[in-house]
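Both ligands and their constituent atoms are indexed starting at 1 by order of listing. Only heavy atoms go into these numbers, but all of them, side chains included; no hydrogens, no water, no symmetry mates. Just so we're clear, the structure is a prediction, and the values are computed from it rather than from any experiment.
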Amino acid sequence: MAIEERDPLTGHRTTGHEWNGIKELNTPVPRIVYFFLITTTLFGLVYWVFMPALPLGTTYTKGILGYDERNVVRRDLARAAQDQAHWRNVVAQADFATIAADETVMGNVREAGHALFGQNCAVCHGVDASGNAGFPGLSTGALNWGDTPEAIEETIRVGINSAHPESRSAQMPAFGRDGILQRAEIEAVAAYVRDLGRSGADGAAADHPEGAEVFAANCAACHGDDARGNADVGAPDLADDKWLYGGGLQTVYSSVWAGRQGHMPTWEGRLGSLNIKILAAYLDDLRKARP
Ligand code: HEC
Ligand code: HEC
């Protein structure tokens with residue numbers, strides 16, 4: 001075995017090991033590797049000096065810059081709370097007309113209202129507030145309890161047929177089950193009600209005179225002479241094309257036969273008055289955008 005042997009092609013030394021005539025070259029580690037090794041070590045040392053780095057039991061080396069991410073988060077949170085406080089104060093104190101007129105505040109109301117609605121209301125009323133069978137759409141059309149933001153706020157606060165002591169009470173009587181009307185009378189009034197939206201009050205009365213009579217005697221007290229609804233008792237408009245339970249003959253018949261007492265939870269305890277007001281302003285804005 002030669003003491004020093006050079007590879008004639010590359011000029012490098014060999015390690016002196018040989019396997020079946022194949023010799024291993026003794027090539028040096030590339031310089032770039034040393035370069036990175038030294039730079040990263042230097043970087044590490046400088047970082048230790050300036051930034052928080054080494055844990056020391058219950059504390060740690062703070063570094064001469066005194067940087068602390070917890071402080072950064074604390075400062076960001078304080079700034080966010082300050083930004084929120086301004087528009088939240090306006091919503092808490094101003095009336096709905098003032099809130100609606102302030103575009104900056106409304107921008108925040110739309111964002112916060114959308115999030116609140118998505119978390120609390122969308123399961124029943126749909127993500128875009130357009131409603132589901134048995135759960136009213138809130139974004140368009142007449143509302144049973146009134147269209148003003150104040151009325152909407154009150155409905156959200158106390159609920160409908162809810163456990164709240166001031167709950168709104170929506171009691172559509174069970175005319176068939178409780179024996180108030182005969183089957184034929186219910187059939188007549190159901191046909192009349194179904195056609196109100198299609199043929200208008202006069203057209204429906206001409207087609208179903210008996211139904212119109214039953215309506216005037218039994219239903220107008222709550223739903224109004226013209227069937228346009230009454231927000232005082234939460235009786236829906238029956239002459240528009242918006243239905244909570246459905247406008248087909250069979251569904252209207254069921255509504256009259258067995259009555260309806262929809263349940264809307266009270267949100268006073270869960271959301272608090274400010275969030276409820278934000279939701280009312282949000283829905284009012286949504287309804288103005290989609291009349
Ligand atoms: C005591 C008041 C009252 C009387 C009287 C009354 N209603 Fe109602 N009606 C209501 C209320 C309140 C609702 C809404 C129920 C709910 O929200 O769950 C309603 C709902 C309805 C609905 C369902 C509407 C929909 O959107 O699906 C129909 C249909 C209806 N009433 C028809 C009648 C007819 C027909 C009569 C007369 C035979 C009548 N009502 C008498 C209060 C009344
Ligand atoms: C568990 C299902 C449910 C949830 C959750 C719910 N609602 Fe309702 N909501 C209802 C039902 C059902 C009615 C209709 C009650 C009736 O029959 O009159 C209603 C009615 C309403 C009305 C009155 C509509 C009218 O015609 O006057 C408003 C406003 C309303 N909800 C807003 C909200 C808001 C805002 C939230 C979220 C904070 C919410 N609801 C969450 C079920 C729900």
Handout entry: Contact with ligand 2 for Pro265, non-hydrogen, under 4.0 angstrom
Key = yes
Problem - Proximal atoms of ligand 2 relative to Phe135 (non-hydrogen, under 4.0 Å) - result: 2 (C), 12 (C), 42 (C)
Fill in the blank from the handout: Output field for angle at atom 8 (Fe) of ligand 1, Met172.SD vs His223.NE2, rounded to 10°, should show 180°
Exercise for the section: Pick one of side chain, backbone, both or neither for how Arg260 approaches ligand 2, counting any non-hydrogen atom pair under 4.0 Å. Expected result: neither
Exercise for the section: Counting heavy atoms only, name the option from Ala235, Ala170, Cys124, Gly131 that's nearest to atom 1 (C) of ligand 2. Expected result: Cys124
Practice task
Nearest heavy atom to atom 14 (C) of ligand 2 wins, so pick from Gly134, Gly262, Gly137, Pro136.
Solution key: Pro136
Exercise for the section: Using a 4.0 Å heavy-atom threshold (strictly under), name the region of Trp145 that reaches ligand 2: side chain, backbone, both or neither. Expected result: both
Problem - Within-shell test, Tyr245 vs ligand 2, heavy atom, strictly < 4.0 Å - result: yes
Exercise for the section: Just let me know how Ile160 lines up against ligand 2, side chain, backbone, both or neither, with a heavy-atom cut-off below 4.0 Å. Expected result: side chain
Practice task
Considering the heavy atoms of Val233, write down every atom of ligand 1 situated less than 4.0 Å from one of them.
Solution key: 12 (C)
Exercise for the section: Check Leu244 against ligand 2 and report side chain, backbone, both or neither, counting heavy atoms closer than 4.0 Å. Expected result: side chain
Exercise for the section: Record the part of Ile276 in heavy-atom contact with ligand 2 below 4.0 Å; permitted values are side chain, backbone, both and neither. Expected result: neither
